[in-house]
Chemist: 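Pasting a structure below so you can have a look.
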Amino acid sequence: TPEDQAGAAMEEASPYSLLDICLNFLTTHLEKFCSARQDGTLCLQEPGVFPQEVADRLLQTMAFHGLLNDGTVGIFRGNQMRLKRACIRKAKISAVAFRKAFCHHKLVELDATGVNADITITDIISGLGSNKWIQQNLQCLVLNSLTLSLEDPYERCFSRLSGLRALSITNVLFYNEDLAEVASLPRLESLDISNTSITDITALLACKDRLKSLTMHHLKCLKMTTTQILDVVRELKHLNHLDISDDKQFTSDIALRLLEQKDILPNLVSLDVSGRKHVTDKAVEAFIQQRPSMQFVGLLATDAGYSEFLTGEGHLKVSGEANETQIAEALKRYSERAFFVREALFHLFSLTHVMEKTKPEILKLVVTGMRNHPMNLPVQLAASACVFNLTKQDLAAGMPVRLLADVTHLLLKAMEHFPNHQQLQKNCLLSLCSDRILQDVPFNRFEAAKLVMQWLCNHEDQNMQRMAVAIISILAAKLSTEQTAQLGAELFIVRQLLQIVKQKTNQNSVDTTLKFTLSALWNLTDESPTTCRHFIENQGLELFMRVLESFPTESSIQQKVLGLLSS
Ligand SMILES: *[C@@H]1O[C@H](CO)[C@@H](O)[C@H](O)[C@H]1NC(C)=O
Ligand SMILES: *[C@@H]1O[C@H](CO)[C@@H](O)[C@H](O)[C@H]1NC(C)=O
Ligand SMILES: *[C@@H]1O[C@H](CO)[C@@H](O)[C@H](O)[C@H]1NC(C)=O
Ligand SMILES: *[C@@H]1O[C@H](CO)[C@@H](O)[C@H](O)[C@H]1NC(C)=O
């Protein structure tokens, strides 16, 4: 909606809140504010007590920056901090550190997605279960992408958390027996068992009078017939959200069969069948017409979503690929699911042909997908192509600087992670080669220059070479004297730039590549004895004499050559 668009643009364009600035500063300079205990863990020096919301936000900020480890989580020991909604995503911590730092807090929520493999789900739950208050009051637990246990056989433990209302346990080797234990939790209302090893969902009948939300995306091991699955689902009368989406891998007719049921799931307001075969607009429409309070239907990577009824513009939201509204919904909902992110980005790219307006809200969704799947090549490829089209020429001018800074950071990460992938590097270079980004946006120009140089050393493509040296010459002019010196001190960089000058001189061709290369060399040698030594040792002086002789009438070349020689 237009309000969404204005919202995203405004949020990105306004300054960070004072709280965020403080938390980011504290997080990145944590050691300065701490002393070390005997065991090496950190302890805040200030004696004050943090308000609970601020403590939660601090923990979340540290998790976001990947800074949670045995040492840093030490600041959450004792009574200085009070946590309630704890996020320790991707923490690298031991079971002991987890227990000491987190299990004495009155936790209502814990998100432990993707913490390192040395700490198991069993460790986490027995830690939490050691606190009576948590046992009864922890409501929401997220254990995605973890290991259940290293013991075999292990002790089942979920039943200890009797207050649990919502459990998410995706991408885990989690079996039927575990499901049976979870389904008997007395207050369970919401369950996400996507991509687990469950073969039979009959155990869910134990919570049929409580369960309101069931997400079972890509249940790859399920060994039930469609009729058997539907018989269980039919009993879950209180469900208002059901997700049976898949990665397009199976030919099951479950989605179509479900849509054809007339008397099933009367309270449903949200149904996701993305990635399922045999889904038709007609069946979806008939299903929704019988349930007028439906608010969402997921149709990405199906053949449906194209009818007038399903545009996703009004009360009923639709994720799909038919138009921008549906694609945006898909990117929003599926940011954690790499396959769907890729699908949505792929379709977004084909839409960018006709986009004429700046769309910060769409670019922001691309950024989220990119950030969540840094090592997934198909996602990074599709995302970098979208970034280029969404920020091309005039479009970049309307993008908030902060958003462009996030984009640039992620493009550089992608270049770093996939150094040998031609198309990805090309997409990233094309996106970086923008006046707006190179001139106005804050990012690590030193790292960027190094990455681009590394690319340049391994590739010969003339157009890309011109772009790469253009980027380097602009970056070099914006670096501090120390940074240019540091960059020029990398021998390979000077050699490569001289190599390009030599090539152009031999070809007797004065072009932009030569001009940009000479500028970069000028900037890099300025006030840097090491770079100058590399320059001289690699026959730079002789080469530059030849340049002067070869292009006697080119004043722009002469100016750069003489500029360098006089530095
Ligand atoms: C599914 O879960 C397994 C672990 O059980 C994991 O290795 C795999 O990457 C997950 N698949 C996806 C698409 O996340
Ligand atoms: C989505 O598609 C419908 C027609 O199928 C159209 O009326 C609507 O304007 C489209 N929305 C956008 C944002 O393109
Ligand atoms: C997006 O990229 C494609 C392929 O490079 C191009 O054909 C199209 O014109 C681009 N669209 C915009 C808006 O730049
Ligand atoms: C960098 O190069 C440009 C010419 O391309 C020149 O105008 C500028 O003075 C140089 N800066 C330094 C610090 O050498």
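All residue numbers refer to positions in the sequence shown, counting from 1. These numbers come from the heavy atoms of this one structure, side chains and all, not from hydrogens, waters or symmetry mates. Remember, it's 1-based here, ligands and their atoms both numbered in the order they're listed.
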Chemist: Can you confirm whether more than 12 heavy atoms, excluding those of Lys220, are under 6.0 Å from its NZ atom?
Modeler: yes
Chemist: Does the residue Lys220 have a heavy-atom contact with ligand 1, meaning some pair of atoms that are separated by less than 4.0 Å?
Modeler: yes
Chemist: Have a look at Phe174 and tell me which of Leu146, Leu179, Asn195, Leu143 forms a side chain to side chain contact (heavy atoms under 4.5 Å, CB included) with it.
Modeler: Leu179
Chemist: At a 4.0 Å threshold, what atoms of ligand 1 neighbour a non-hydrogen atom of Leu173?
Modeler: 5 (O)
Chemist: Are His217 and Phe340 near enough that their ring centres are under 6.0 Å apart?
Modeler: yes
Chemist: Is any heavy atom of the protein nearer than 4.0 Å to atom 9 (O) of ligand 1?
Modeler: no
Chemist: For the residue pair Asn144 and Thr170, confirm or rule out a side-chain donor-acceptor distance under 3.5 Å.
Modeler: yes
Chemist: Out of Leu148, Asn171, Asn144, who is nearest to atom 14 (O) of ligand 1 when you count heavy atoms only?
Modeler: Asn171
Chemist: Using distance alone, decide if ligand 1 has a nitrogen or oxygen within less than 3.5 Å of any nitrogen or oxygen in Asp247.
Modeler: no
Chemist: By number and element, which atoms of ligand 1 are closer than 4.0 Å to a non-hydrogen atom of Asn195?
Modeler: 1 (C), 2 (O), 3 (C), 8 (C), 10 (C), 11 (N), 12 (C), 14 (O)
Chemist: Atom CG in Leu265, atom CZ in Phe287: separation rounded to 0.5 Å?
Modeler: 6.0 Å
